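Predicted model only: the values in this text are computed from it and were never measured. Position 1 is the first residue of the sequence, and the numbers go up from there.
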Amino acid sequence: MNIGRAAEATGLSVKTIRYYEEIGLVDADRAANGYRDFGERQITQLRMLAQARHLGFGLEECRRLLDLNADPDRASRDVRALALRNLDAVRDKIAQLRALEGQLESLITQCHGDDAPDCAILDGLSGAPTPAKG
C-alpha cells in the first residue's frame, strides 16, 4: 500500500512515516514505479510505533521494542524492563506537572483579577516578588 493508505491504516501522518523511514525505524519496500510500498510487516511496525509513542516511549526505546518484537528468541523480561523504565519516566513527568500545577495555582490565587493594573501572575512570570496576601 502507498504511504497515504499506510497513514490512514496506522493513524500516523505521512510526514511522521517518512521521518520514521528516514531514521531507520521502518523500511518501506519500493514498487516498480519507485514509490514506497508498505506491506503487512511495515504496517504492524508503524502501528506499534504509534502506540509506543502514545505511551511515552522515546524513539530509541521504540527502536529497541521493534527489535525485540522481531526477535523470536527475545526474553519478555527485556521488554518488561524497558516498559518499567518508561513508567518511571512517565511518573517523573507527572510529578513535574503536579509541581507546575501548584505554581500556577499559587500565582492565580495571588492575582486579584480586578480592574487594577497590578497582577501577581505577571509579576511571578517576570520574577518580581509578589506581595503577601492579606
What closest approach, in Å, do Met1 and Ile43 show between heavy atoms, and which atom pair accounts for it? SD-CD1, 3.8 Å
Minimum-distance pair of heavy atoms, taken over all atoms of Asp37 and Ala31: CB-N, 4.0 Å
For Arg74 and Asn69 the tightest heavy-atom approach is NH1-O, 3.0 Å
With side chains defined as the heavy atoms from C-beta onward, is the minimum distance between Asp27 and Gln45 less than 4.5 Å? yes
May I ask whether Leu66 and Ile23 are part of the same hydrophobic cluster, defined by side-chain heavy atoms of I, L, V, M, F, W, Y residues being less than 4.5 angstrom apart, directly or through others? yes
Using a strict cut-off of less than 4.0 Å between a Lys/Arg side-chain nitrogen and an Asp/Glu carboxylate oxygen, indicate whether Glu60 and Arg85 qualify as a salt bridge. no
Would you say that more than 12 heavy atoms from the other residues, nucleotides or ligands in this model lie under 6.0 Å from the CZ of Arg91, or not? no
Measuring from Ile121:CD1 to Ser106:OG, what's the distance to the nearest 0.5 Å? 10.0 Å
Name the residue from Arg47, His54, Met48 that meets the side-chain contact (heavy atoms from CB on, under 4.5 Å) definition with Gln51. His54
Would you find more than 12 non-hydrogen atoms of other residues, nucleotides or ligands less than 6.0 Å from Asp115 atom CG? no
Going by heavy atoms in the side chains, are Leu12 and Tyr20 under 4.5 Å from each other? yes
Got Leu104 and Ile108 here, is their nearest side-chain heavy-atom distance under 4.5 Å? yes
I'd like to know if the side chain of Asp78 and the backbone of Leu68 have a donor-acceptor N/O pair within less than 3.5 Å. no
As an exercise, state the distance from CG of Asp123 to SG of Cys111, rounded to the nearest 0.5 Å. 9.0 Å
When you check the side-chain N and O atoms of Glu105 and Thr109, is any donor under 3.5 Å from an acceptor? no
Is the count of non-hydrogen atoms from other residues, nucleotides or ligands lying under 6.0 Å from Arg5 atom CZ greater than 12? no
Check the pair Val90, Ile94 against side-chain contact (heavy atoms from CB on, under 4.5 Å), reporting the backbone distance first and the verdict last. CA-CA 6 Å; Val90 167; Ile94 290 170; 4.0 Å; yes
Considering all heavy atoms of both residues, which atom of Ser13 and which atom of Ala7 are nearest to each other, and what is their separation? C-CB, 4.2 Å
Of all heavy-atom pairs linking Ala120 and Leu107, the shortest is O-CD2, 3.7 Å
Please lay out, stage by stage, how Thr44 and Glu40 fare under the test side-chain hydrogen bond (donor to acceptor under 3.5 Å, both in side chains). CA-CA 6 Å; Thr44 298; Glu40 188 163 330; 5.1 Å; no
Same apolar cluster: Leu46 and Tyr35, side chain cutoff 4.5 Å: no
Got Arg18 and Arg36 here, is their nearest side-chain heavy-atom distance under 4.5 Å? yes
Interatomic distance, Cys119 atom SG to Gln110 atom CD [nearest 0.5 angstrom]: 10.5 Å
Test Phe38 against Thr10 for side-chain contact (heavy atoms from CB on, under 4.5 Å), laying out the working first. CA-CA 11 Å; Phe38 293 90; Thr10 62; over 6 Å; no
Closest non-hydrogen contact found for Arg53 with Leu59 is NH1-N, 3.6 Å
I need the Gln42 CD to Ile17 CD1 distance, nearest 0.5 Å. 11.0 Å
Evaluate the side-chain proximity of Arg64 to Val79: yes if any heavy-atom separation is below 4.5 Å, no if none is. no
Considering only heavy atoms from C-beta outward, does the side chain of Arg80 approach that of Leu84 to under 4.5 Å? yes
Measure the spacing between CG of Leu25 and OG1 of Thr16 and express it to the nearest 0.5 Å. 11.5 Å
